[in-house]
Each structure stands twice: as C-alpha cells, then as structure tokens.
Participant: 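Sending over a structure as structure tokens; questions will come in a sec.
In what follows, chains carry the letters A, B, and so on, assigned in the order in which the sequence lines appear, proteins first and then strands, with residues in each chain numbered from 1. Quick note: numbers below take in every heavy atom, side chains included, and nothing from hydrogens, waters or symmetry partners.
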Amino acid sequence: MPDLPFSERIAGLDAVALARRLIGATLLVRGAGGTIIETEAYGRDDPASHSFRGPTRRNASMFGPAGHAYVYRSYGIHLCLNVVAGPGEAVLIRALAPQTGIELMQSRRRGSPLLCSGPGRLAEALGIRIEDDGAPFDGTDFSIALPGTPPDLLVGPRIGISKAQDLPWRFGLAGVTGLSRPFPG
DNA sequence: AATAGGATCTCCT
DNA sequence: GGAGATCCTATTG
C-alpha cells in the first residue's frame with residue numbers, strides 16, 4: 001500500500017476538519033519536531049482570520065494550494081506556522097510534544113523549558129523562517145504524518161482573538177502536558 | 001499570581 | 001496612528 005501524499009490525504013477538508021485531523025499527527029521540519037497537540041482553525045468568512053478581508057501580500061499563501069505552509073510574522077517579533085486548508089482557510093499549529101531534534105530545539109530556544117508550547121515558541125524551536133511561507137509539506141523540508149486512529153480531542157474557544165470568540169475552533173490532544181493554555185471546562 | 005511594558009512587522013482607517 | 005492568531009522580563013501583591 002503506497003502512502004498518499006499529504007496534500008491528497010487532506011484534499012477537500014475545511015479548516016475545522018483539518019484542525020481536528022492534525023491533532024496527534026507528527027510534524028517534522030528539517031529534522032526537528034514532534035506530535036501536534038494543539039491547533040486552531042481559521043476560516044474564509046471568519047472575522048478572526050487574516051483572510052477575512054481578502055488576499056494581501058502577507059496572506060497570499062492562504063489562498064494558494066492546500067497542504068502548503070502559511071508563515072506570518074506576529075506582533076512584529078514572532079513567526080507562526082499554519083497549514084493551508086481550502087481557499088482562504090488555514091490551521092495554526094499552537095503546540096507540539098517535542099520528540100525529534102530536542103537538543104537542536106533547546107539551543108534555538110536558549111534553554112527555556114517551554115520548547116514548543118505556543119505558536120511563537122514552536123516556530124522558533126523548529127527554526128521556521130519567513131522564506132518558508134508557501135513551502136509544501138511534501139517531505140522535502142516539511143512533513144506531516146497523520147495518526148492512524150483518531151485521538152480523544154479537547155475543544156474550546158480560540159486564544160488571543162477579539163472577534164468570533166464564541167466559535168469552538170481550538171483543538172487539543174486529551175491527557176497531555178505542554179498545551180499553550182489549559183482548555184476551559 | 002497577576003500585571004505591565006517592550007520588541008517592532010503588516011495591514012487597516 | 002493603532003491593533004494584532006505573541007513572548008519575555010521585571011515588578012508588585
């Protein structure tokens with residue numbers, strides 16, 4: 001049984017479906033990574049999404065092919081890593097359970113024990129660069145392996161947004177440490 | 001434990 | 001000019 005490419009395995013999923021599917025997946029970026037334990041979905045007609053007002057230079061890759069990266073600069077300082085779903089839709093990767101390349105990630109994080117808990121920390125630990133915007137998850141530099149069986153999910157409202165705060169579009173892996181924040185409830 | 005300020009990019013009004 | 005899908009450090013209760 002040949003593996004289907006990642007882009008074909010997620011074809012047709014909207015951001016919410018992809019955000020749920022990515023929990024428990026293994027993300028590797030140039031030899032560093034781990035298990036995805038926290039994601040958020042951002043939709044096309046979603047006031048909290050960068051795509052809400054249509055394409056700009058920054059968000060162009062959100063309107064590009066599904067299964068590629070959308071990397072943007074946050075608050076002028078940090079980078080954040082997303083996986084593009086349908087047109088204008090993406091999934092923000094907010095936390096990993098580190099597994100591979102831990103020493104490399106520790107050195108990039110300058111000894112902080114919080115390696116990959118939070119989108120900015122995760123991007124720094126993985127060595128994400130702004131030039132990675134638009135890169136495919138095809139095994140060249142970026143790869144994602146989806147989990148065999150669906151894990152138990154935590155669901156809650158998204159973090160750090162001021163609009164559409166009621167949507168339960170944040171997802172987490174149940175029973176783990178390392179989430180960027182606890183889930184309510 | 002909680003709060004406040006700084007870093008300084010991209011888009012919007 | 002101001003806000004934002006953030007994080008770190010310092011200071012206060």
Participant: Distance alone, cut at 3.5 Å: any donor-acceptor contact between the side chains of R44(A) and S51(A)?
Facilitator: no
Participant: Which is true for I161(A) with a 4.0 Å heavy-atom rule: it touches a base, it touches only sugar-phosphate, or it touches nothing?
Facilitator: sugar-phosphate
Participant: Can a side chain N or O of R73(A) be found less than 4.0 Å away from OP1 or OP2 on dT6(C)?
Facilitator: no
Participant: Regarding N82(A), tell me which of base, sugar-phosphate or nothing describes its non-hydrogen contacts under 4.0 Å with the strands shown.
Facilitator: base
Participant: NA contact type, R181(A), heavy-atom cut-off 4.0 Å: base, sugar-phosphate, or nothing?
Facilitator: nothing
Participant: Can you find a side chain N or O atom of R53(A) that sits less than 4.0 Å from OP1 or OP2 on dT13(B)?
Facilitator: yes
Participant: Is there a donor-acceptor pair under 3.5 Å between the side chain of S49(A) and the backbone N or O of D46(A)?
Facilitator: no
Participant: Is the side chain of R181(A) donor-acceptor paired with the backbone N or O of I159(A) at a distance under 3.5 Å, no angle test?
Facilitator: no
Participant: Rounding to an integer number of angstrom, what distance separates dA3(C) and dA4(B) when you compare their P atoms?
Facilitator: 16 Å
Participant: Figure out the CH2/P separation between W169(A) and dA5(C), and round it to whole Å.
Facilitator: 14 Å
Participant: K163(A) NZ to dG4(C) C1': how many Å, rounded?
Facilitator: 10 Å
Participant: To the nearest Å, how far apart are Y72(A) OH and dC7(C) C1'?
Facilitator: 13 Å
Participant: Of the listed nucleotides (dC12(B), dA7(B), dA5(C)), which one gets closest to any side-chain atom of T56(A)?
Facilitator: dC12(B)
Participant: For dG4(C), does either OP1 or OP2 sit under 4.0 Å from a side-chain N or O belonging to S162(A)?
Facilitator: yes
Participant: Could you check how far CE of M62(A) sits from P of dA5(C), rounded to whole Å?
Facilitator: 11 Å
Participant: Please state the P separation for the pair dG5(B) and dG2(C) - nearest whole angstrom.
Facilitator: 16 Å
Participant: Dot-bracket for DNA chain C, please, read 5' to 3', with Watson-Crick or G-U wobble pairs under 3.5 Å on both distances, ( ) within the strand, [ ] crossing, | other strand, . unpaired.
Facilitator: ||||.|||||||.
Participant: Rounded to the Å, how far apart are L115(A) CG and dC8(C) P?
Facilitator: 11 Å
Participant: Heavy atoms from C-beta onward define the side chain here; which of dT6(C), dC8(C), dT10(B) lies closest to that of C80(A)?
Facilitator: dT6(C)
Participant: Give one of base, sugar-phosphate or nothing for I159(A), where a contact means two heavy atoms less than 4.0 Å apart.
Facilitator: sugar-phosphate
Participant: Would you indicate whether D152(A), at its atom CG, is surrounded by more than 12 heavy atoms from other residues, nucleotides or ligands within a distance under 6.0 Å?
Facilitator: no
Participant: Do other residues, nucleotides or ligands put more than 12 heavy atoms under 6.0 Å from R21(A) CZ?
Facilitator: no
Participant: Base, sugar-phosphate or nothing for G120(A)? Non-hydrogen atoms, less than 4.0 Å.
Facilitator: sugar-phosphate
Participant: Once you round it to whole Å, what is the distance between P of dC9(B) and CG of D133(A)?
Facilitator: 17 Å
Participant: Could you check whether Y75(A) and the base of dA7(B) form a stacked pair, meaning centres closer than 5.5 Å and planes differing by less than 30°?
Facilitator: no
Participant: Base, sugar-phosphate, or nothing: which does R57(A) touch, judged by heavy atoms less than 4.0 Å apart?
Facilitator: sugar-phosphate
Participant: Expressed as a whole number of Å, how far does the C1' atom of dC8(C) sit from that of dT10(B)?
Facilitator: 22 Å
Participant: Choosing from dC7(C), dA5(C), dT13(B), which nucleotide comes nearest the side chain of R109(A)?
Facilitator: dC7(C)
Participant: Okay, side chain of N82(A), backbone of V84(A): is any donor-acceptor separation there less than 3.5 Å?
Facilitator: no
Participant: With a 6.0 Å cut-off on the ring centroids, do H50(A) and Y42(A) count as close?
Facilitator: no
Participant: Quick one, I130(A) with R73(A), criterion side-chain contact (heavy atoms from CB on, under 4.5 Å). Give me CA distance, side-chain angles, the key distance, then yes/no.
Facilitator: CA-CA 8 Å; I130(A) 194 63; R73(A) 191 170 300 279; 4.2 Å; yes
Participant: What's the CD-C1' distance between E124(A) and dC7(C), to the nearest Å?
Facilitator: 9 Å
Participant: Starting at NE2 of H78(A) and ending at P of dG6(B), how long is that distance when rounded to a whole Å?
Facilitator: 16 Å
Participant: Would you mind telling me which residue lines up with the more 5' stretch of DNA chain B, I77(A) or I130(A), judged by nearest nucleotide?
Facilitator: I77(A)
Participant: State, yes or no, whether a side-chain contact exists between L126(A) and L28(A) at a heavy-atom distance under 4.5 Å.
Facilitator: no
